[in-house]
Amino acid sequence: MILDGVEIEDTFAEAFGMRATRLIVTADTPRWARIAGDTATGFATSVIACGAEAGIERDLSAEETPDGRPGIALLFFAVSRDALTKALRDRVGQCVLTCPGTACYSGLDEGERLPLGRSLRYFGDGYQAAKRLGDKRYWRIPVMDGEFVCEDTVGQVKAVGGGNFLILGKTHRGVLAAAERAVEQMRRLIGVIMPFPGGIARSGSKIGSRYKGLVASTNDAYCPTIKGIVKTALPPSVDAVLEIVIDGLNEAAVGAAMATGIRAACAGNDGEILRITAGNYGGKLGPFHFRLHELLA
Amino acid sequence: MITRIAGGRIIDGAEDEGDAKRDLWIEDDRIVAAPTDGRPADRTIDATEHLVMAGAIDIHSHIAGGKVNLGRLLSPADHRENPVERAGAALRSGSGLTTPSTFTTGFRYAAMGYTAVFEPAMVASNARATHLEMADVPIVDKGAYVMLGNDEYLLRRLAAAAEQGEINDYVAWMMQATAAHAVKVVNPGGISAFKFNARGLEIDEPVPHHGVTPRRIVAALARAVHEIGVPHPLHVHCNNLGMPGNVETTLATIAAAEGYPIHLTHVQFHSYGSEGKRGFSSAAHRIAEAVAQNPNVSIDVGQIMFGATMTESGDTQAQFRNRSLADPDTWISMDIECDGGCGLVPMRYRDSNFVNALQWTIGLELFLLVEDPWRVFLTTDHPNGGPFASYPHLVRLLTDRSHREDCLAQIHPAARKASTLAGMTREYTMREIAIMTRAGPARSLGLSERGHLAPGAVADVVAYRPDSDVAAMFRAPAHVFKSGVEVARDGAILAAPSGTTQLVRPAYDRQVERHVRRFFDDHMTIGFDHFPLAAGELADAGLAVAEQQCRPSAGRA
Amino acid sequence: MITLALRSRPPGRLSLAGVTPDRLAALDETAIAKLPVRLGNRQTALGDWFDIRIAGAGEDKLVISGAGGDRLDQVGGMMASGELTVEGDVGARAGLAMTGGRLTVSGSAGDAAATAMRDGEIRIGGDVGEALGGALPGERVGMRGGTVVVARNAQSGVGDRMRRGLVVVVGSAGAFCGARLAAGTIVVGGGIGDHPGIAMRRGSIVALGAAPRLAPSFADCGVHDLIAQHLLARRLALLGLGTLASRIGPLRRFMGDQAEAGRGEILVPR
Ligand SMILES: [Zn+2]
């Protein structure tokens, strides 16, 4: 398959089951909602060392939030309910509770609920109070600029993590520009995040390492600077590769994001981009397989 | 007025012969032999194929006294949700299932074929109020057991190594003073110990202040009750109620009686081992063995029935322990005059709860393992194990093995596995039911004119319409006669005569009054002269008092 | 829809507990007429008092109409779902122990409306008597959940021992409003009587009328425009109480009752 002059390899991205939730963080201004969101989703590129993968889903207008203030929707992904619970507690506790003027709500009302405000309330040292309005229960924790309001529990769903595609091109500059085009379009979608810096990863990895104790190491088959001495997957003219990794609330959202991203990366191609491919483990590890040709059909 | 109950199957537990199909004759308030002079009946009740028994007698049911009112106070929802309409011009309305109001208590008992109910936990200082409250319970005969064994005076005299004769005089005086029918000891010494902050008391552990052991208290009281000739033996609620492993205490209590008659009440709560992963197991077989080996012992079971109820007990120590189980979360503990008191804890027994489920099986095991129906009586310790309204279901559990096993299948699986109930094939016969609910309690309580159907007996008679569902049959008997008056038909109350107040008045040496008077002067807020119910006081208040005789063989040891 | 038209004012208190749309839905007119209802301490039948009409099947809707409804007690009692509308007044304990559904009374309600309520919604068009959402004698808690809106005034004891839920009185409330409050929210649009929140442990009383006289055991914590107030305003707006919601701005916060657990709040205009 050729798209805008780019070869789409007939392969698939292999993705995994994760647990995910959405938080809505509000603040006095959009700027402070964004600061809270950036902070809470920082250092969250990969569950390998960050405990969770997280990102900003979108900005919310005042009309869209529970308390009528500007806000931001954040998505969090982790390998299990327990890991998600812990990540939420730590991240909201350290990055939202601390952030001036914020409040934090569940943005997902499905699935078995995870404790959030219920865990954070103890910061109130006995001065915290619960408030139930309608079918929601909030904790009000006194802080120096008023009260930190945090919903008692948040919903969570079974989600999909690790959807991906790789952009192969002639130069670093050209591949980066294509990846940026892709991320810009993908960020308009609901239900997905691209957890790596700026949505883009350069350090594609393979499973295992020659060093004991390292579970993953550089994906040498896609590293152009050693292509002459390894069993490379790169055509001779490819000198740069970048990857976009997608976590989504469901399979459809991840697939749609991949298709959008690939199309955007290929659109306006001026000969810099040569090929699009995807990472997989032979289909044995992850239950979700996104075939590139099917996504783009 | 002669009534003929025609065509029924007479099941009289007190008669040795089997069931007989014959007419039963009633003249006024007595059962009579069939008239030989050809006098016709004024009315004939067609009881063809009906099971005809004497009125049932509940030997242990908390129906009056301060704790019952406190129980009502703690369970407004019981009254809100269970209103009982006035069923006729001469009748009264009421409310409540687990803590029914007085009228409802009497009507509901009578409608189920009960004609006598005994309140087992009368605080001596509250005797007057208890009797007046009982008098408010219509139709059924009533009597009360006065609680001794944690009372300050007795403990002091035992600590001072008083002679048995003095103890006997005090017990007899107290029974007369409180118009009691029998004597009960609740958690011997434990309630006094509780006031010194003890949370439990073992049978050979001295009460903190007095240094008297429960063993000594049980021995002294069992002997006193026997020697002053009270028909009903000492009614014992053992130490360590509800505690895992308390079977040892219960067996030690039997030994403590030193061969004198004792009645162990709500034994289900006292038949626990401490085996198994959860440290809680059935010891029903050990109790049943002990009952078989000790002819001086009788028991009532105190079966628990699943659902919400109120626990009302004189055992403030145990109830204080139980407060954490309160459902809803509310409880009361109180005491009068440092004499006695009560603890109230609402409870919800769940078949899905391992402990509750095992308690349920333990009660049924006791019923099925104790072979002599004359020495095991049907109770739920109303309302502690469940309301008395659940008796019909309990009868079905005892008489209908397949129903019992259906129920067993629904309880907590670990409790079902731990119990030997599944292998028990015994089904109570109607004759055994008649013994355990009529003849047995009557004999134990000295009610010579009740609990049987021989000529001369009080005409308390019940006719059950046979039904394959035994519970339905026992819930609403076709005809209930109290002293010859038909008071209920098919579960509906027809008339509401007052029952009698049963009591026993053992003799004592009046010397004892001088000592007790001094104690009252020094320690009690009520004057000695105001404490006893005066002779005729109950009659003056409109109560029909019926005194039962002491055993003639009684005498000082 | 089932309509029960009260023929005349009953001679005593008539309890309609259990006469609810969810329970009547499956019955025909004859069966409904036979339903037992208590007049005082006597059992009577629903058909003794009401003309019963069923129009259309399968709907959980019940309408009670006719003058003299002030003698009808426990209207909506034990209701779990459906809609019960009363055209006129009701007596005491309206919505007793409701667990769901919606009870709408166009007129006024007597004492102890919404007592023992767990969930659902009650709307009273007129006034209510004492102990709205309060505890019955002997009960440890009053209302345990749900929403009650009273369009006019409430007498004393609003939310006494209430544990959860939202009570809104658009008009004024009498003395002891929110006394012994365990938790939950009470909003009063108009004036509020003496001793508000006395012995309250947690929960909120939002008194938007003239500032009430507070016991000295309530501590002034300053004027705030808290997020919780925004959330409450949103909830009120959703209940169609936009005018009341718009009055929730910065409010002065008193915490109390310091003679009890002292974690409750009374919010008053600054
Ligand atoms: Zn008892």
Side-chain angles (χ1 to χ4, degrees), chain A residues 23-29 32-33 36 60-71 92 96-97 99-107 116-118 120-152, chain C residues 100 118-121 143-147 162-168 181-187 200-206 219 221-239 241-242 245-246 248-251 253 255-256 258 261-267:
Chain A
L23 295 186
I24 293 172
V25 175
T26 63
D28 298 333
T29 62
W32 277 103
L60 298 171
S61 69
E63 290 70 41
E64 293 175 289
T65 66
D67 59 21
R69 303 189 305 160
V92 174
V96 182
L97 185 153
C99 182
T102 58
C104 183
Y105 310 97
S106 171
L116 181 59
R118 187 176 293 181
L120 296 175
R121 69 175 198 252
Y122 297 105
F123 183 71
D125 198 26
Y127 298 99
Q128 72 274 20
K131 178 59 64 189
R132 183 183 285 268
L133 288 168
D135 52 3
K136 304 274 190 193
R137 187 168 194 243
Y138 307 102
W139 284 96
R140 303 166 59 188
I141 302 166
V143 286
M144 295 196 297
D145 73 347
E147 283 179 343
F148 173 52
V149 168
C150 185
E151 200 164 330
D152 184 41
Chain C
R118 285 177 179 273
D119 208 349
E121 188 176 323
M143 193 172 149
R144 293 159 194 233
T147 302
M162 172 176 168
R163 188 160 170 184
R164 195 181 294 146
L166 175 63
V167 173
V168 183
L181 194 67
T185 307
I186 300 172
V187 181
M200 76 189 284
R201 292 185 289 143
R202 290 181 177 275
S204 308
I205 302 170
V206 184
C221 295
V223 175
H224 304 281
D225 186 13
L226 299 172
I227 306 302
Q229 289 157 227
H230 292 233
L231 293 169
L232 176 60
R234 278 256 162 148
R235 176 80 188 132
L236 294 179
L238 280 176
L239 292 168
L241 301 167
S246 67
I248 299 184
L251 296 170
R253 181 172 203 246
M255 284 189 77
Q258 301 305 325
R263 295 287 181 263
E265 63 180 352
I266 300 183
L267 301 173

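A note on names: the letters A, B, ... follow the listed sequences, proteins ahead of strands, and every chain is numbered from 1. For the numbers below, each heavy atom of this structure counts, side chains included, while hydrogens, waters and symmetry mates do not. From a predicted model like this one, the values you see are computed outputs, not experimental measurements.
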Of all of C/His224, C/Arg164, C/His230, which one pairs up most often with chain A through heavy atoms under 4.5 Å apart?
C/Arg164
Any side-chain heavy atom of A/Ile24 within less than 4.5 Å of one from A/Glu64?
no
Quick one: do A/Arg140 and C/Glu265 satisfy salt bridge (charged side-chain N to carboxylate O under 4.0 Å, His left out)? Show the steps, please.
CA-CA 12 Å; A/Arg140 303 166 59 188; C/Glu265 63 180 352; 2.5 Å; yes
Salt bridge present between A/Glu147 and C/Arg253 (N-O < 4.0 angstrom)
yes
Non-hydrogen atoms of chain A under 4.5 Å away: do they reach the side chain of C/Ala228, the backbone, both or neither?
both
Per-residue contact mode, A/Phe148 against chain C (heavy atom under 4.5 angstrom):
neither
So for C/Thr185, is it side chain, backbone, both, or neither that comes closer than 4.5 Å to the heavy atoms of chain A?
both
Picking from A/Gly134, A/Gly146, A/Ala129, which has the most non-hydrogen pairs under 4.5 angstrom with chain C?
A/Gly134
Honestly, the part of C/Leu231 sitting under 4.5 Å from a heavy atom of chain A is both
Where on C/Leu232 is there a heavy atom nearer than 4.5 Å to chain A: the side chain, the backbone, both, or neither?
both
A/Thr102 versus chain C, the contacting section by heavy-atom distance below 4.5 Å
neither
Quick check against the 3.5 Å criterion: does C/Arg263 have a side-chain atom that pairs as donor or acceptor with the backbone of A/Gly126?
yes
Heavy-atom distance under 4.5 Å between the side chains of C/Val187 and C/Leu241, does that happen here?
no
Any non-hydrogen side-chain atom of A/Leu116 less than 4.5 Å from a side-chain atom of A/Ser106?
no
